[in-house]
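See structure below.
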Amino acid sequence: MHIKTFKGGYDNNFTYLIIDGKECCVLDPAIPSKNIFSFVEKEGLTITFVLFMHSHFDHIVELEQYKEKGIPIYGHESTKIEVDRKVKDNDILTVGETELNIMHTPGHRYDCVCVLVENNVFTSDTLFVGGCGRVDFEGSDPDAMFETLQKLKQLPDETIIYPGHDYGSTPRSTISKEKKQNFFFKIGKAEFLRRRL
Ligand SMILES: [Zn+2]
């Protein structure tokens with residue numbers, strides 16, 4: 001398994017490809033799909049599915065281009081977007097021999113998911129390097145976000161974090177580093193709610 005990172009889109013968004021053999025999947029169709037398609041063609045890969053990790057516009061902006069090619073679209077079961085497969089907490093998806101474990105991580109938006117692949121976690125707008133997603137949008141839930149952050153903190157320290165935007169001092173981090181440097185990972189519930197409301 002390897003991971004290919006693309007950056008661009010609306011606001012330093014990341015789109016990730018999980019590649020195993022000649023199969024791959026797309027996490028967050030945020031960056032221009034023509035860049036993805038030319039990479040996939042050059043490498044002789046097949047896109048098994050596209051999973052959007054929540055339904056904010058910048059993370060689904062390229063969805064139609066994948067649909068037009070007949071590529072199945074996956075999203076959380078709570079989403080209002082039309083999908084070919086609804087995923088839920090603890091579901092396991094496969095790309096080649098690689099397993100993708102779905103975590104439902106509401107807070108930033110009700111249909112947020114994170115994806116755990118080996119020792120990598122893809123967090124979209126749930127967790128950033130040195131921050132977390134906003135919880136003041138329609139569809140946000142600060143209480144749920146606090147619980148989601150506690151759940152992510154329980155991942156092994158060496159787990160590598162791949163966020164949905166390049167907002168931090170580095171594009172990636174680890175659970176261990178975030179436990180030390182991420183304010184929202186360190187504070188208790190009362191302070192989290194006070195800061196984020
Ligand atoms: Zn978002």
Side-chain angles (χ1 to χ4, degrees), residues 3 5-18 25-33 35-36 49-67 73-83 85-89 91 100-117 120-153 155 160-173 175 178 182-185 192-193 195-197:
I3 297 160
T5 301
F6 295 85
K7 188 171 119 175
Y10 173 70
D11 184 17
N12 288 318
N13 283 72
F14 287 121
T15 290
Y16 298 105
L17 259 57
I18 311 289
C25 73
V26 175
L27 300 183
D28 270 359
I31 74 125
S33 52
N35 299 356
I36 306 291
F49 60 86
V50 174
L51 172 67
F52 63 88
M53 298 170 65
H54 71 292
S55 58
H56 279 151
F57 79 96
D58 54 324
H59 297 258
I60 56 171
V61 64
E62 295 288 317
L63 219 44
E64 279 305 316
Q65 282 67 37
Y66 293 93
K67 271 189 196 171
I73 309 299
Y74 294 4
H76 187 254
E77 59 181 352
S78 67
T79 197
K80 295 182 175 78
I81 305 270
E82 193 189 326
V83 295
R85 177 170 171 182
K86 293 182 172 187
V87 301
K88 58 183 190 308
D89 198 39
D91 273 0
L100 284 67
N101 296 272
I102 303 296
M103 299 169 74
H104 183 218
T105 52
H108 173 67
R109 190 161 174 80
Y110 52 83
D111 61 359
C112 281
V113 293
C114 291
V115 181
L116 187 63
V117 187
N120 310 287
V121 66
F122 298 85
T123 57
S124 198
D125 284 0
T126 296
L127 183 64
F128 298 125
V129 176
C132 71
R134 286 172 57 179
V135 289
D136 58 341
F137 293 119
E138 193 193 332
S140 293
D141 180 341
D143 275 284
M145 182 58 129
F146 182 78
E147 298 309 325
T148 282
L149 292 176
Q150 306 322 301
K151 191 165 145 180
L152 289 172
K153 257 162 76 172
L155 292 172
I160 302 166
I161 299 164
Y162 291 78
H165 292 268
D166 192 8
Y167 284 166
S169 52
T170 53
R172 289 184 290 281
S173 186
I175 294 293
E178 291 312 292
N182 192 327
F183 176 75
F184 299 105
F185 244 18
F192 181 83
L193 296 179
R195 297 272 181 158
R196 301 301 288 188
L197 283 170

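Counting convention: from 1, in listed order, for ligands and their atoms alike. For clarity, every value in this text was computed on a predicted model and none was experimentally measured.
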For T15 and D28, indicate whether the former's side chain and the latter's backbone hold a donor-acceptor pair under 3.5 Å. yes
So, does K80 use its side chain to make a donor-acceptor pair with the main chain of S55 at under 3.5 Å? no
A correct count of protein N/O/S atoms found below 2.8 Å of the Zn ion (ligand 1) gives 4
Given the side-chain rings of Y10 and F57, with only the six-membered ring counted for Trp, is the space between their centroids under 6.0 Å?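 Ring centroids of Y10 and F57 are less than 6.0 Å from each other.
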With sequence neighbours excluded, tell me which residues meet side chain to side chain donor-acceptor pair (under 3.5 Å) with Y167.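 By the side chain to side chain donor-acceptor pair (under 3.5 Å) rule, Y167 matches D11, H165.
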Salt bridge (charged side-chain N to carboxylate O under 4.0 Å, His left out) partners of E77, counting only residues at least two apart: none
Residues in salt bridge (charged side-chain N to carboxylate O under 4.0 Å, His left out) with R134, at least two apart?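 R134: salt bridge (charged side-chain N to carboxylate O under 4.0 Å, His left out) contacts with D136.
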